[in-house]
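Here's the structure, in structure tokens; my notes come after.
Order of listing sets the numbers, starting from 1, for every ligand and every atom in it. Quantities reported herein were computed from a predicted structural model and do not represent experimental measurements.
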Amino acid sequence: MTAMCGIVGYVGDKSALEVVIEGLRRLEYRGYDSAGVALISSNGGSGTELATERRAGKLANLIGAIEERPLPAATTGMGHTRWATHGAPTDRNAHPHTDCTGRVAVIHNGIIENFAALRAELTAAGHPLSSDTDTEVVAHLLEAAYQDSDGDLAEALRRVCRRLEGAFTLVVVHADAPGVVVGARRNSPLVVGRGIGENFLASDVAAFIAHTRQAIELGQDQVVEIRADQISITNFDGTRAAVNEYHVDWDVSAAEKGGYDYFMLKEIAEQPRAVADTLLGRIGADGRLQLDEMRLSPDELREIDKIIVIACGTSFHAALIAKYAIEHWTRIPCEAELASEFRYRDPVLSRRTLVIVISQSGETMDTLMALRHAREQGSLVLAISNTNGSTIPRESDAVLYTHAGPEVAVASTKAFLTQLVAVYLVALYLGQLRGTNYGDELDDVILQLAAMPEKVEKVLETMEPVRELARSLAGERCVLFLGRHVGYPVALEGALKLKELAYMHAEGFAAGELKHGPIALIEQDLPVVVVVPSRQGRDVLHDKIVSNIQEIRARGAKTIVIAEEGDDAVVPYADMLIRIPPTPTLLQPLVATVPLQVFACELATAKGHEVDQPRNLAKSVTVE
Ligand code: F6R
């Protein structure tokens, strides 16, 4: 089976192989444990044939194989990068998969849940299945459906899709249909790129942005047929579908490394811009927030009596911070919950519950399932997402987009900062709307929020000592992270970044919890990063953490302290001090997270790891 993969399809007058490989390169972040291509070419006589190549491992392996054994010239083709779930990442399980005649090829992203029954049926009918994948059944089903549809590949795919359960993006070609590529989607992404004399299919616009910025979002349960000069979209039942075409407002340079060694470095550096872009147009000249784009009426929002913020991974850390901000500024009870846990504990939801789902990709299956559950219970769902037109925002009642631009590195950085901006905006907006007690504070915080891009920039300018420190710690086995209040999710985020990039044991703790157990971990020279809260209005919190630093230092820890400029109370206890600009407490994660990103990235690089594509991970997790 295959879960979250990169898919590219092409028909036009260029070399399909070149277009597809280039597209796959841009999508490699989606999965990178095997790759393959299928081309429809002339067989030298009057007929056409299917040519395929596929290889386990990164795209480079596939390219190497094609160099050794070149494929025929073709202007129709498709390609795939895979992130395996069940079938191991071997050559045999790599896509494309073909039918008995070797004339149909299929690539797939998702999981076909009823594949065991379909496989049994096909085996009984005499189809030899040669891989462990669910995808292969589609190729064999298409073999017969194509005959039954009188050689109409789109109709054949519609017939097959009606029999499939689960989540899938499928793209198919047939040797008897040169100049045609057909795609289908259910619960998994597929976009169409409209060019001139050429058209594209892809999991993500990044794959074809070098060729066209005109895109069409394929709807749920739809099939698209592209030819060089024609795009037709139908529903699975064969009826014509409405077409939602849009212009992509970022260009190819945004999807490239821009001179940095890694996308992650570029994306860390882009954070001031990403934060500014996410604020753009949302703060009025009068200092009031304008979030009408969310499509939730003020009346609906005034009715809310409970908020649950749901997400996974780094986005979940944004959800934890949202809880502090929302409860403080709105006085509405708020919970933060992991998407993968939410649905299974039978949460109490009502029409007056606002569920906020946070997802950079907009495709995370755990989060999507949580949102569907919330909507089934009648709750309002607001999505915070970085991906225009992706499934999560589309299925939500309302959406607030972050404007981080494409995030290619697997580890989330700029998307996280913009998620924080989005949750602050929502919390402050609700606070304004409901006229909570903190009117003056809200006005002030909005002003401070507008100043955050500059502060993030300032932090980035002072990161050299952090990089040096990271390099010096490359030999360590473990690093701990401590924080209080919103510094606690920041500590969790620092630990997550280090785990996923440097493959080191790293834990984040609420500093107050230390004495209840984790303090036993402290030993001589253990590096412990401490996020010190701002003194502004939170003296008690600040003083408590200063005591915590003393406690761990007394037990031999090497203390790495992140504290505001001018905070001298920490100086005697810090083996290494990282300064951040003074910021209101709740906004501090926007500046405190940045050194932790730089730290993890540099430490991982020092250990020789490839930071853009950490092992075992993929950018968009479309399995539960
Ligand atoms: C970690 C990371 C992941 C994602 C998580 C959710 O650096 O990137 O933990 O945050 O998989 O992804 P989205 O936000 O796309 O739902």
Which residue supplies the protein heavy atom nearest to [atom], what is that atom called, and how far is it?
| atom | result |
| --- | --- |
| atom 11 (O) of ligand 1 | Val621 CG2, 4.2 Å |
| atom 4 (C) of ligand 1 | Thr314 N, 4.0 Å |
| atom 6 (C) of ligand 1 | Cys312 O, 3.4 Å |

Item to check | Single hit among Glu493, Gln419, Glu407 for side chain to side chain donor-acceptor pair (under 3.5 Å) with Ser412 | outcome: Glu407
For [X], counting its heavy atoms only, list the atoms of ligand 1 lying under 4.0 Å from any of them.
| X | value |
| --- | --- |
| Ala411 | 7 (O) |
| Thr364 | 12 (O), 13 (P), 15 (O), 16 (O) |
| Val410 | 8 (O) |
| Gln360 | 13 (P), 14 (O), 15 (O), 16 (O) |
| Glu500 | 1 (C), 7 (O) |

Checklist entry - Relative to each other, are the rings of His80 and His95 parallel, tilted or perpendicular (30° and 60° limits)? => result parallel
Checklist entry - Heavy atom under 4.0 Å from ligand 1: found in Lys497's side chain, backbone, both, or neither? => result side chain
Classify the side-chain pair [X]/[Y] by whether it contains a donor and acceptor separated by less than 3.5 Å.
| X | Y | value |
| --- | --- | --- |
| Gln377 | Ser350 | no |
| Asn386 | Thr402 | yes |
| Gln597 | Gln271 | yes |

Checklist outcome for this item: For Leu24 and Thr81, the nearest pair of non-hydrogen atoms, with its separation, is CD2-N, 3.9 Å
Item to check | Salt-bridge criterion met for Arg295 and Glu300 (N-O under 4.0 Å) | outcome: no
